[in-house]
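The first residue in the sequence is number 1, and the count goes up from there.
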Amino acid sequence: MSLPSTIIIKLGKFVWTTMWHQMMSQLAPRNETGAYIRPESEFRHDINKQAQNLYKPESGRYALYVGIGCPWAHRTLVVRALKGLESAISLVWVRGEATEGGWMLETPQEGCRSLRDVYQRSQPGYQGRATVPVLWDKQTQTVVNNESADIIKILNREFNEWAKQAELDLYPTSQKEQIDSLNDRIYHTVNNGVYRCGFAQTQSAYEQACDELFLTLDELEKILTNHRYLCGQTITLADVRLFTTLFRFDAVYYGLFKCNKRRIRDYKNLYGYLQDIYQLPGVSSTCNLTKVKQDYYSNLFPLNPGGIIPSGPNQQDLLLPHNRENIKLSAVKE
């Protein structure tokens, strides 16, 4: 059989390109150069014991609304697991539904079927983005916070009274400056960098994002030569924030988002580091690569119109020995 006629090919390309730009404008806001611009989170309340604060730390009062595929929500799940807060902070699961245009609750809650319903229950008439994670206050029926960077600090700091691992401090005062500096770089070029690659709408915007992404990964590879974790020998919030991107990288970002200069598996230290964190108590239970791939490849229709989900890689490889615990020996000698 011959190929379609030139007219059909040109028409199909024109229609698809026009539709693609329209869908991407809704999915991924861009600037004048075609670079992806991530909208800011809108709910940024804190939980603390200050007298004037509405939201006080209490066991059982708060819930996390999370989607298993979302790396930003995954951060909160990892901190909840590392701190041992399962009995203090409950979970409400949502799933991405492309045909519904957003996150749907796995089980309806108090008349809410979608995450947008939850936001509108908190703030009637709300018209903004309905994203995960959401830290929800059951007592006041309001969204406390929907910024993952804030939520993981709150979980690390405010619920030690009920934490099984209260002694674990993922954001120690002595390392805050170092952690914050790493987070700023990693957020722009890696966490959000993979989205800047995948959602770029011009070649130049893509190439800039891709170059910055792999420059940072190369630098992190060097840091991890003599450090078990990014800030030394103990895990911090900087590691949690990087981990959830690395976990998805080879399965999703490498192919679907065109981050294909190298896989994480091709980096000796970064891949061992990924295995190390994955094998920490409780972390693997927050990871489901099958559902992650379903979320990305099924729901991001403009990037994968056929909806075909790749079969690899094998999540079980993350359980292989990594020997990262021995790196502390070389670090002590420095």
Rounded to the nearest 0.5 Å, the CG atom of Leu237 sits from the OG atom of Ser148 at a distance of 10.5 Å
Run the side-chain contact (heavy atoms from CB on, under 4.5 Å) check on Thr286 and His74 step by step: do they pass?
CA-CA 7 Å; Thr286 71; His74 192 185; 2.9 Å; yes
Between Tyr195 and Phe257, does the ring centre distance come in under 6.0 Å?
yes
Carboxylate-amine/guanidinium proximity below 4.0 Å for Arg95 and Asp295
no
Val132, Val79: one ILVMFWY side-chain cluster at the under-4.5 Å cut-off?
no
Polar side-chain atom of Thr236 near backbone of Ala238 as donor-acceptor pair, under 3.5 Å:
yes
How are the rings of Tyr278 and Phe243 set to each other: parallel, tilted or perpendicular (split at 30° and 60°)?
tilted
Side-chain heavy-atom pair Gln139, Glu58 within 4.5 angstrom cut-off:
yes
Path from Val134 to Val92 over hydrophobic side-chain contacts below 4.5 Å:
yes
Residues Ser90 and Lys138: side-chain donor-acceptor under 3.5 angstrom
yes
Taking Lys153 first and then Asp150, would you say they form a salt bridge - that is, a charged N and a carboxylate O separated by under 4.0 Å?
no
Tell me yes or no: between the side chains of Asp211 and Tyr206, is some donor less than 3.5 Å from an acceptor?
no
Arg263 side chain reached by Asp266 side chain, heavy atoms, under 4.5 Å
yes
Examine the side chains of Asn48 and Lys56 and answer whether a donor and an acceptor come within less than 3.5 Å of each other.
no
Thr140 and Asp137: side chain donor to acceptor below 3.5 Å
yes
The complete set of salt bridge (Lys or Arg N to Asp or Glu O under 4.0 Å) pairs with one or both residues in residues 154-170, sequence neighbours excluded, reads Asp46-Arg157
Value rounded to 0.5 Å, distance of CG in Asn269 from CD1 in Ile327:
5.5 Å
Contact between Leu105 and Tyr65 at the side-chain level, heavy atoms closer than 4.5 Å - yes or no?
yes
Answer whether the closest heavy-atom distance between the side chains of Leu289 and Pro313 falls below 4.5 Å.
yes
Classify the side-chain pair Arg80/Asn156 by whether it contains a donor and acceptor separated by less than 3.5 Å.
no
Please check: side-chain N/O of Asn288 versus main-chain N/O of Lys291, any donor-acceptor pairing under 3.5 Å?
yes
Assess the residue pair Tyr229 and Ile277 against the criterion (side-chain contact (heavy atoms from CB on, under 4.5 Å)); give the C-alpha distance rounded to whole Å, side-chain angles, the decisive distance to 0.1 Å, and a yes or no.
CA-CA 9 Å; Tyr229 301 108; Ile277 297 176; 4.0 Å; yes
Polar contact flag, side-chain donor to acceptor under 3.5 angstrom, Asp250-Tyr271
no
Treating Ile, Leu, Val, Met, Phe, Trp and Tyr as nodes and any side-chain heavy-atom pair under 4.5 angstrom as an edge, say whether Ile151 and Val118 lie in one connected cluster.
no
For a 4.5 angstrom cut-off between non-hydrogen side-chain atoms, does Tyr62 reach Pro57?
no
Atom CG of Leu230 and atom CD of Gln175: how far apart are they, to the nearest 0.5 Å?
10.5 Å
Measuring from atom CH2 of Trp136 to atom CG of Leu115, what distance do you get when rounded to the nearest 0.5 angstrom?
9.5 Å
Of Leu224, Leu246, Leu217, Leu220, which meets side-chain contact (heavy atoms from CB on, under 4.5 Å) against Tyr267?
Leu217
Using the salt bridge (Lys or Arg N to Asp or Glu O under 4.0 Å) rule, collect all pairs that involve residues 195-207, keeping only residues at least two apart or in two chains.
Arg196-Glu212
How long is the straight-line distance from SG of Cys112 back to CE of Met104, given to the nearest 0.5 Å?
10.5 Å
In the single-linkage hydrophobic clustering (I, L, V, M, F, W, Y; side-chain heavy atoms under 4.5 Å), do Leu182 and Phe249 co-cluster?
yes
Would you say Lys83's side chain and Leu168's backbone share a donor-acceptor pair under 3.5 angstrom?
yes
Can a side-chain donor-acceptor contact be found between Tyr273 and Asp239 if the only test is distance below 3.5 angstrom?
yes
When you compare the side chains of Arg324 and Gln275, does any donor N or O come within less than 3.5 Å of an acceptor on the partner?
no
Report the residues that fulfil salt bridge (charged side-chain N to carboxylate O under 4.0 Å, His left out) with Glu219, sequence neighbours left out, ordered by chain and then residue number.
Arg185
Cluster check Val283, Ile264: I/L/V/M/F/W/Y, side chain < 4.5 angstrom
yes
Would you say the side chains of Thr216 and Thr189 form a donor-acceptor pair under 3.5 Å?
yes
More than 12 heavy atoms of other residues, nucleotides or ligands under 6.0 Å from CD1 of Ile308: yes or no?
no
Is the Trp162 ring parallel, tilted or perpendicular to the Phe159 ring (thresholds 30°, 60°)?
tilted
Are the side chains of Lys268 and Thr225 in touch, meaning some heavy atoms are under 4.5 Å apart?
no
Would you say Tyr296 and Tyr253 are linked by a side-chain donor-acceptor pair, where the criterion is simply a distance under 3.5 Å?
yes
